[in-house]
Amino acid sequence: METPDAAVAEAIKASGESTLEKATAKAKETIDQLFNVSLNVAVTGNTGSGKSSFVNALRGIKDDDDGAAPTGVTETTMEATMYTHPTMPNVKIWDLPGIGTPNFKAEKYLKDVNFKNYDFFIILNSQRFTQNDIMLAKEIRKQKKNFYFVRSKIDNDLRAEEKKKGFDEQKLLSKIRDYCEKNLEDVGEPKVYLISSFDLEKYDFEILQNTLEEDLPDHKRSALLQAWPVCSAESLEKKIKFFQRMIWAASFASAGIAVVPLPGLSVACDSSMVLLFLSRCYYSFGLDEGSLSKLSEKVNKPHLKDMPKSKLFAAMKDKVFTRVSSSAALTAITTVELLFSLLPGVGSAVAAGISFTTTAYLLREGLNDLAETARSIRKEAGLDIA
Ligand SMILES: Nc1nc2c(ncn2[C@@H]2O[C@H](COP(=O)(O)OP(=O)(O)O)[C@@H](O)[C@H]2O)c(=O)[nH]1
Ligand SMILES: [Mg+2]
């Protein structure tokens, strides 16, 4: 490990600032943004187009999980239903009412659902886009918000055709995409993303993610990167790099800057910030119980859930009970435990007063450990060819 001065100097350099004071001030802002940034995603479209299923998919939960948006039911309210992201309370996915009624009025609809609340809209359709979709998109644009057209249930279309002679998946996908886009010439030929809520690893889900990242302002992009489900090896690596870039700030924050990222959690205690940071990584990489059980069901490998993993992973798995990172669950892991899991041989005397150097080291090692675990699970699941 480096000497304390070297670690501090390195963190200042990573901050892009020239002095310790400026770096700590920037760290406070960065960490505050990391933990508290809000994002509101509106999911709209016809009744039956797959809105509620898409909402659940974005939240990384199964349709029959507790707290899932009910699917396959006819909507009866004209109100938007809010679903918080399971691990980021400030990220909210809104299941909007269906727009399929014959006398649909886009302007009134947007007013009714409080359109100002949303960062962007996703307009779903499982067939061809209709006049209502187009009217809605135009009205959203008029209100200076972004919208994205998503053609849902694409797995159904493929299944219906795959037994036919001469079936070519790429050709069929292009055909559907062209058909939908032609249908939308009226709104300036926007891109249409083909998606199956049952398999986010396939089709255009990742392209949609990349587009959203490009379109969102910096601070919102951070929420998206953390909350968006892992849908490819690349998207996992992007998340890992994102958290790596935050380590300098988390190190300063752990060193006692007055930041209170969650109510009731004192960051005066060095380990809270380290744990909070690592728990964000843990959830963001899809290592929590809910995500793993969803994955193991999908690839039909029950053992994935219980794969032997790192000591840090085990320490977090046993202690982080709820999917929302609550302060109570986090403080249940003690500094000593964390140190033992990451730095075998470190005694409790050291744990009593961990230094800047140790904190920075813990953050880096902890992140690497979780990243490796996430990579090996993807490999074992057969998602990435080794
Ligand atoms: N095959 C397939 N079925 C889907 C998909 N998304 C939704 N569904 C099904 O379509 C039906 C309507 O979905 P739901 O999410 O309730 O639509 P909503 O009325 O727009 O909220 C349900 O039976 C879902 O299981 C998908 O991506 N693929
Ligand atoms: Mg619904």
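Just so it is clear, the structure is predicted and the values come from calculations on it, not from any experiment. Read the numbers this way: they start at 1 and go in the same order the structure lists the ligands and their atoms. Computation of the quantities below employed the complete heavy-atom set of this structure, encompassing side-chain atoms and omitting hydrogens, waters and symmetry-equivalent molecules.
Within the 2.8 Å limit, Thr47 places no N, O or S atom next to the Mg ion (ligand 2).
Backbone and side-chain nitrogen or oxygen atoms of Asp95 are examined, and none is located within less than 3.5 angstrom of a nitrogen or oxygen of ligand 1. Inclusion of Gly72 in the set of residues having an N or O under 3.5 Å from an N or O of ligand 1 is warranted. The distance criterion of under 3.5 Å between nitrogen or oxygen atoms is met by Asn156 with respect to ligand 1. Between Thr47 and ligand 1, a contact under 3.5 Å exists for no N or O pair. Of the N or O atoms in Arg159, none lie within a sub-3.5 Å distance of an N or O in ligand 1.
One hydrophobic cluster holds both Leu184 and Phe104 under the rule that ILVMFWY side chains link at heavy-atom gaps under 4.5 Å.
Look at Arg177 and Asp204 and you find a salt bridge, because one of the NZ, NE, NH1 or NH2 atoms lies within 4.0 Å of a carboxylate O, short of that distance. The pair Arg378-Glu201 meets the salt-bridge criterion, with a side-chain N (NZ, NE, NH1 or NH2) lying under 4.0 Å from an Asp/Glu carboxylate O. Taking 4.0 Å as the cut-off between side-chain N and carboxylate O, Glu10 and Lys13 do not count as a salt-bridged pair. Between Lys175 and Asp178, none of the side-chain N atoms (NZ, or NE/NH1/NH2) sits under 4.0 Å from a carboxylate O, so this pair counts as no salt bridge.
With a 4.0 Å heavy-atom cut-off, ligand 1 is reached by the backbone of Asn46 but not by any atom from C-beta on. At a 4.0 Å heavy-atom cut-off, ligand 1 touches Thr71 through backbone and side chain alike.
For the residue pair Lys26 / Ser15, no side-chain donor-acceptor distance below 3.5 Å is found, with atom types taken as modelled.
Close contacts between ligand 1 and Gly48 involve ligand atoms 12 (C), 17 (O), 18 (P), 19 (O), 20 (O) [criterion: under 4.0 Å to a heavy atom].
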